[in-house]
Amino acid sequence: MPSANAKSLRTRRHPLIITIDGPAGVGKSTVAKLLATQLGLQYLDTGATYRALAYTALMRGIDPSDERHLVPLARSLQLTLHWSATKGLAVMLNGRDVSRQIRTEQVTEAAAIVAHHPRVRAALVRLQRRLAGDRYLVVEGRDTGSVVFPHAPYKFFLTANATVRATRRHMELAQLHGRTPSVTVIAKQLRERDQRDRIRKAGPLVKPPGAVAVDTSRMQAAEVVQQMLQHLALPARRPSRQGRTCGPDCQ
Ligand code: DC
């Protein structure tokens with residue numbers, strides 16, 4: 001049952017797309033999922049498309065820096081993303097669930113290399129727009145407000161200092177894989193990745209024109225969402241009786 005908010009949003013004349021961009025480890029996914037849940041919108045993780053391509057390349061023995069072989073692979077990628085507020089995000093590649101496999105350190109490194117090729121990006125941007133369709137959604141990545149959906153009516157750019165981001169990524173990896181590099185090592189990797197993302201020619205990491213910048217360093221995800229809701233000029237939904245926030249499929 002859509003909320004009153006979602007209903008009023010759906011009566012708008014233009015497709016409702018909220019873009020959230022920012023560097024790695026800033027908390028985009030957590031915030032995007034929370035926001036989508038609160039507003040009863042769909043959620044699109046564009047990073048999953050880069051990860052799925054990198055994973056496919058590694059499986060087929062294709063070098064992530066080999067743009068010539070990556071482009072046809074990107075164009076023919078059979079990828080679907082299924083998100084539900086209760087079940088989370090399922091990443092399906094050729095009908096197979098690869099949600100966990102695309103989050104390994106090896107794939108993370110390969111995805112960062114894959115994301116540098118302009119023609120690969122062009123193919124994946126087309127795929128991301130196809131995945132979005134005409135749904136109302138919250139989309140997150142590095143270039144969603146600048147390149148993928150430049151006409152989105154609402155844009156956010158999240159930032160946080162490198163140590164905070166490394167600590168968050170550390171906890172995320174520990175939860176996912178049980179073991180993880182130290183915070184110091186992750187912070188160094190993040191700084192290097194930021195630099196590469198910022199200077200690349202195609203789809204560089206930038207604050208899109210008109211985007212609202214939010215420094216999340218000292219905020220919990222729920223506070224970030226509250227701040228975003230204020231910018232959207234929409235009241236937050238009340239938590240359900242169990243204390244959790246009701247999403248689109250919450251009873
Ligand atoms: O957000 P993430 O860590 O899942 O993203 C995986 C990689 O893809 C990362 O190196 C950044 C890149 N990426 C990108 O270049 N553009 C996007 N819109 C999303 C992700």
Side-chain angles (χ1 to χ4, degrees), residues 17-33 43-58 64-65 67 70 73-74 77 79 81 83 88-91 93 98-132 137-150 152 155-160 162 165-166 168-173 176-177 180-181 186 189-208 211 216:
I17 296 178
I18 301 171
T19 65
I20 304 178
D21 292 302
V26 78
K28 295 185 299 286
S29 310
T30 310
V31 164
K33 286 173 191 166
Y43 160 66
L44 176 60
D45 171 8
T46 59
T49 64
Y50 291 91
R51 288 175 177 273
L53 178 63
Y55 172 74
T56 308
L58 292 174
S65 52
E67 183 172 25
L70 285 173
L73 209 56
L77 208 61
L79 182 74
L81 304 176
W83 182 75
L89 179 70
V91 180
L93 198 54
V98 294
S99 309
R100 283 182 71 83
Q101 290 88 330
I102 65 159
R103 305 283 165 194
T104 63
E105 274 304 281
Q106 196 193 9
V107 172
T108 300
E109 280 304 311
I113 300 167
V114 156
H116 270 260
H117 307 303
R119 290 193 301 136
V120 167
R121 294 196 72 86
L124 291 185
V125 166
R126 275 198 295 277
L127 171 63
Q128 290 154 19
R129 289 180 184 148
R130 254 197 333 271
L131 289 171
L137 49 88
V138 177
V139 54
E140 54 117 339
R142 304 293 188 286
D143 61 348
T144 64
S146 53
V147 175
V148 190
F149 299 109
K155 299 179 187 183
F156 292 93
F157 189 76
L158 304 189
T159 60
R165 291 192 284 129
R168 285 177 188 162
R169 187 41 65 95
H170 180 82
M171 283 168 13
E172 200 177 282
L173 289 174
L176 211 61
H177 306 299
T180 160
I186 297 175
Q189 290 169 344
L190 286 181
R191 282 196 201 92
E192 287 167 3
R193 206 168 296 149
D194 286 355
Q195 179 63 3
R196 272 187 270 154
D197 284 350
R198 284 201 177 99
I199 61 171
R200 71 172 167 233
K201 287 203 186 82
L205 174 66
V206 288
K207 176 176 167 295
T216 72

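These numbers come from the heavy atoms of this one structure, side chains and all, not from hydrogens, waters or symmetry mates. We count ligands from 1, going down the list as the structure has it; atoms in each ligand are counted the same way. Nothing fancy with the numbering, it's 1 onward along the sequence.
- In this view, Thr56 satisfies the side chain to side chain donor-acceptor pair (under 3.5 Å) rule with no residue, not counting sequence neighbours.
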Can you give me a line-by-line list of nitrogen or oxygen pairs between ligand 1 and the protein shorter than 3.5 Å?
| from | atom 1 | to | atom 2 | distance (Å) |
| --- | --- | --- | --- | --- |
| ligand 1 | 1 (O) | Arg142 | NH1 | 3.0 |
| ligand 1 | 3 (O) | Arg51 | NH2 | 3.0 |
| ligand 1 | 4 (O) | Arg51 | NE | 2.7 |
| ligand 1 | 15 (O) | Arg121 | NH1 | 2.8 |
| ligand 1 | 15 (O) | Arg121 | NH2 | 3.3 |
| ligand 1 | 15 (O) | Arg200 | NH1 | 3.3 |
| ligand 1 | 15 (O) | Arg200 | NH2 | 2.9 |
| ligand 1 | 16 (N) | Arg121 | NH2 | 3.0 |
| ligand 1 | 18 (N) | Thr46 | OG1 | 3.0 |
| ligand 1 | 18 (N) | Arg142 | N | 3.1 |
| ligand 1 | 18 (N) | Asp143 | OD1 | 2.7 |

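- The shortest heavy-atom contact between Arg119 and Glu67 is N-OE2, 2.9 Å.
- With rounding to the nearest 0.5 angstrom, the OG1 atom of Thr30 is 6.5 Å from the CD atom of Glu172.
- Within the structure, the salt bridge (charged side-chain N to carboxylate O under 4.0 Å, His left out) test picks out the following pairs touching residues 103-117 (sequence neighbours left out): Asp45-Arg103, Glu109-Arg193.
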Could you pull out all donor-acceptor pairs under 3.5 Å where a side-chain atom in residues 19-28 meets a protein atom, sequence neighbours excluded?
| from | atom 1 | to | atom 2 | distance (Å) |
| --- | --- | --- | --- | --- |
| Asp21 | OD1 | Arg142 | N | 3.3 |
| Asp21 | OD1 | Asp143 | N | 3.2 |
| Asp21 | OD1 | Thr144 | N | 2.8 |
| Asp21 | OD1 | Thr144 | OG1 | 2.9 |
| Asp21 | OD2 | Thr144 | N | 3.3 |
| Asp21 | OD2 | Thr144 | OG1 | 3.1 |
| Asp21 | OD2 | Gly145 | N | 2.8 |
| Lys28 | NZ | Gly22 | O | 2.9 |
| Lys28 | NZ | Pro23 | O | 2.9 |

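- In this model, a donor atom of one side chain and an acceptor atom of the other lie less than 3.5 Å apart for Thr216 and Arg168.
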